[in-house]
Amino acid sequence: MSLNLYNTLTRRKEEFTSIEPGKVRMYTCGPTVYNYAHIGNLRSYIFADVLRRTLEYFGYEVPQVMNVTDVGHLTGDVDSGEDKMELQAEKEGRDIWDIARYFEDVFFDDIEKLNIEPPNVRCRATEHIDEMIELVKKLFARGHAYETAQAVYFDVTTFPKYTELSRQSLEDKMTAARDEVQEDPEKRNPADFALWFKAIGRFEHHIMRWESPWGVGFPGWHVECSAMSMKYLGETLDIHTGGEDHVWVHHPNEIAQSEGATGKKFVRYWMHGAFLVVGKLSVDEDDEERRMGKSEGNFLRLQTLIDKGYDPLAYRYLCFSAHYRAKLKFTWESMDAAASGYESLKDFAARAKQIGGEEQPWVAEHRKKFEEAIADDLNMPQALAAVNELIREADRRKEYGVLEALYKFDEVLGLNLRESAEKATIADAEIDNLIKERENARAEKNWQRADELRNQLAEMGIVLEDTPSGTLWRRSN
RNA sequence: GGCGACGUAGCCAAGUGGCUAAGGCAGCGGUCUGCAAAAUCGCUAUCACCAGUUCGAUUCUGGUCGUCGCCUCCA
């Protein structure tokens, strides 16, 4: 079966092939650690994880690199000269480096809770300043960079393919940028982006600073991804993932820097995840759907969901209800739907585990549908439909030899079905005895005693299901 | 202002130029059941609106309305 993936570069689905057989070099744009990640951010890491797991499902080894952007970026107002992380540090009266480490830890904690496979290499921008400086030197040598009194810039007119990914003409950008005040009068083109900022003028008090051939300062906003991805994965990557917002600025810049420095193709498949948008979260507020943003007042963290009693994996399940390239509307109703759906999936796994059986030929059709779905540009809604159809057919036929298939699917789904089913059915002598006692009571039609035992087991977290062929049970947590 | 995306049942959504328009959740009505739960069966969509192309459009084209995103650090 061929794996087809949508490449933003060509705006179409393409059959995937890797540079090196059996191996996929994958880079995922990681978090900026100046604040908590919200569930919208997390959605795109779930997308990258599904991509990685799908590649692994089809037999690839996937060395994956993720950056951690711990160099402060500018605040929205370019003129302010303040730095997001410094602002945060000031606000909390803590050291900027502590802040970065703290949010990095929280981020990877969230990643773990969502059962996202950790990247093979996790790299911090602040630990790769030398590589970035080397990259900028190369760009000077090849005539792409120039220095002004304030900074070093990449001259976008020296790189004709600059607009290939964004498909946004430079003229339009220039027009659009015309009314903006250009802070640096020496900048050649409005679209030129900084490779290195000097710690002078508005950045005179910038806390994070390093020596460089262009004076003390700090790296530009996009160099780290180029420098680190090429350091760990080579000059040409198979796949580069990120959020759709990167299609217009960050990724074109990465391409320009990387290809400008090496003269080689930087990335073969660019893949971008769509945003989570927030629907009405409450009845009385007239907040229409919009993207979740750190300054939007609709900031939901994974911890927010956990505090409300949701399993983090129910959020993962929710993400599968929409295709990764389509926006997903978050509402509490859809969150509840996902939680219920995930619960019944786990219940089924526990049921199948208890009853068991040989796999029957009809299972093959569902395997096929599942695999076709993930191979078709990670169509998780279809894949999930295949899972649900498998379950329904198993229940209808009362043939439960489907665990092998289910666990195999879960290598991509990452919903911990095996762990959950095993945990739910851990044998215990006391439980066995109580259940046997209850079955005896039921045989004698001693309903009062049977209900007492049911309640007693319920207090122990055991859920009972009486069936014609005996009583099934599972642990509720 | 420029560029782009989307509008499918109560909610989240997949999909297709023509067979019964996936799946989940919620709801209603049956079956099963000592109770409970689960399971199962059935029901719930003129695919935003208008026009065009076509033998035939939800799917293609144009327009209207609505929503959203990007153009600035942001998944």
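A note on names: the letters A, B, ... follow the listed sequences, proteins ahead of strands, and every chain is numbered from 1. Only heavy atoms go into these numbers, but all of them, side chains included; no hydrogens, no water, no symmetry mates.
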Undergrad: Taking the P atom of each, how far is B:C35 from B:G30, in whole Å?
TA: 16 Å

Undergrad: Take the protein atom CZ of A:F193 and the nucleotide atom P of B:U72, then report the distance between them rounded to whole Å.
TA: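 Going from CZ in A:F193 over to P in B:U72 covers 14 Å.
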
Undergrad: Between A:E393 and A:H366, is there a side-chain donor-acceptor contact under 3.5 Å, judged purely by atom types and distance?
TA: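 On atom types as modelled, these side chains qualify, holding a pair under 3.5 Å.
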
Undergrad: Does the gap between the ring centers of A:F193 and A:Y153 come in under 6.0 Å?
TA: no

Undergrad: Considering only the C1' atoms, how many Å lie between B:U40 and B:U54, rounded to the nearest integer?
TA: 44 Å

Undergrad: For nucleotides B:G27 and B:G34, find the distance between their P atoms and express it as a whole number of Å.
TA: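 The same atom, P, in both gives a distance of 25 Å.
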
Undergrad: Please give the distance between the C1' atoms of B:U53 and B:U58 as a whole number of Å.
TA: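 The answer is 16 Å between these two C1' atoms.
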
Undergrad: Calculate the interatomic distance between A:K329 atom NZ and B:C25 atom C1'; express it in whole Å.
TA: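 Going from A:K329 (NZ) to B:C25 (C1'), I get 16 Å.
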
Undergrad: Expressed in angstrom and rounded to an integer, what is the separation of A:Y317 atom OH from B:C25 atom P?
TA: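 Rounding to the nearest Å, OH of A:Y317 and P of B:C25 are 6 Å apart.
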
Undergrad: Counting only side-chain heavy atoms from C-beta out, which of B:A22, B:C12, B:C41 sits nearest to A:S334?
TA: B:C12

Undergrad: What nucleotide among B:A22, B:C74, B:A38 has an atom nearest to a side-chain atom of A:A385?
TA: B:A22

Undergrad: Please report the distance separating the P of B:G7 from the corresponding atom of B:G15, rounded so that it comes out in whole Å.
TA: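 That atom pair is separated by 10 Å.
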
Undergrad: Between B:A14 and B:C6, how far apart are the C1' atoms? Round to whole Å, please.
TA: 15 Å

Undergrad: Could you please name the option among B:G24, B:A39, B:C6 that lies closest to any side-chain atom of A:R351?
TA: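 Comparing B:G24, B:A39, B:C6 against the side chain of A:R351, the answer is B:A39.
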
Undergrad: Parallel, tilted or perpendicular: which describes the rings of A:F159 and A:F154, with under 30° parallel and over 60° perpendicular?
TA: perpendicular

Undergrad: Between B:A57 and B:C43, how far apart are the two P atoms, rounded to whole Å?
TA: 27 Å

Undergrad: Check the distance between B:A37's P and A:L464's CG and give it to me in whole angstrom.
TA: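 Those two atoms, CG and P, are 13 Å apart.
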
Undergrad: Does any part of the side chain of A:R325, heavy atoms only, come nearer than 4.5 Å to the side chain of A:T8, both counted from C-beta?
TA: no

Undergrad: Of the candidate nucleotides B:G23, B:C12, B:C74, which contains the atom at the shortest distance from the side chain of A:N388?
TA: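 Looking only at heavy atoms from C-beta outward on A:N388, the closest nucleotide is B:G23.
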
Undergrad: Which one, B:C12, B:C71, B:C68, comes nearest to the side chain of A:Q168?
TA: B:C71

Undergrad: Go through B:G34, B:C41, B:A22 for me and flag the one nearest to the A:A450 side chain.
TA: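 Minimum distance to the A:A450 side chain belongs to B:G34.
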
Undergrad: Please state how far atom CG in A:D466 lies from atom P in B:A36, giving the value in whole angstrom units.
TA: 11 Å

Undergrad: Can you find a donor-acceptor pair, distance only, under 3.5 Å between A:N379 side chain and B:G15 base?
TA: no

Undergrad: Mind calculating the distance between CD (A:Q354) and P (B:A37) to the nearest angstrom?
TA: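 For the pair A:Q354 CD and B:A37 P, the rounded distance is 19 Å.
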
Undergrad: Quick check: any donor-acceptor pair below 3.5 Å linking the side-chain of A:R438 to the base of B:G34?
TA: yes

Undergrad: Do the non-hydrogen side-chain atoms of A:K408 and A:Y57 ever get within less than 4.5 Å of each other?
TA: yes

Undergrad: Which base sits across from B:G4 as a Watson-Crick or G-U pair, both distances under 3.5 Å?
TA: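 Because both required distances fall under 3.5 Å, B:G4 counts as paired with B:C68.
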
Undergrad: Using the P atom on both, measure B:C55 against B:C49 and round to a whole Å.
TA: 24 Å

Undergrad: Return whichever of A:S344 or A:A322 has its heavy-atom-nearest nucleotide of RNA chain B closer to the 5' end.
TA: A:A322

Undergrad: Counting distance alone, no hydrogens or angles: does the base of B:C11 have a donor or acceptor under 3.5 Å from a partner atom on the side chain of A:D336?
TA: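 Result: no qualifying N/O pair found.
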
Undergrad: In the strands shown, is B:C43 matched to any nucleotide by a Watson-Crick or G-U wobble pair with both distances under 3.5 Å, and which?
TA: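 In the structure as shown, B:C43 has B:G27 as its Watson-Crick or wobble partner.
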
Undergrad: Under 3.5 Å, is there a donor-acceptor pair between the A:H250 and A:H222 side chains?
TA: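 Note: A:H250 and A:H222 side chains meet the donor-acceptor criterion.
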
Undergrad: Output the rounded distance in Å from CZ (A:R396) to P (B:U40).
TA: 7 Å

Undergrad: Counting side-chain heavy atoms from CB outward, which of B:A38, B:U40, B:A14 is closest to A:E465?
TA: B:A38

Undergrad: Write down the distance between CZ (A:R325) and C1' (B:A14), rounded to a whole number of angstrom.
TA: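 For the pair A:R325 CZ and B:A14 C1', the rounded distance is 13 Å.
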
Undergrad: Measure the acute angle between the ring planes of A:W221 and A:F197, then classify it against the limits of 30° and 60° as parallel, tilted or perpendicular.
TA: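 Aromatic pair A:W221/A:F197 classed tilted.
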
Undergrad: From the list B:U67, B:G34, B:C74, which nucleotide is the closest neighbour of the side chain of A:D451?
TA: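 Output: B:G34.
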
Undergrad: Classify the side chain of A:R454 and the base of B:C35 as holding, or not holding, a donor-acceptor pair under 3.5 Å.
TA: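 Per atom types, the contact qualifies.
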
Undergrad: Hey, which sits more toward the 5' end of RNA chain B by its nearest nucleotide, A:H323 or A:E393?
TA: A:H323

Undergrad: Whether A:R392 contacts B:G24 is assessed here as follows: a side-chain N or O lying under 4.0 Å from the phosphate OP1 or OP2. Is that the case?
TA: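 So the side-chain polar atoms of A:R392 never come under 4.0 Å of the phosphate oxygens OP1 or OP2 of B:G24.
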
Undergrad: Nearest to the side chain of A:E389, which nucleotide is it out of B:C74, B:A14, B:A22?
TA: B:A22

Undergrad: State which of B:G23, B:C11, B:C74 makes the closest approach to the side chain of A:E333.
TA: B:C11

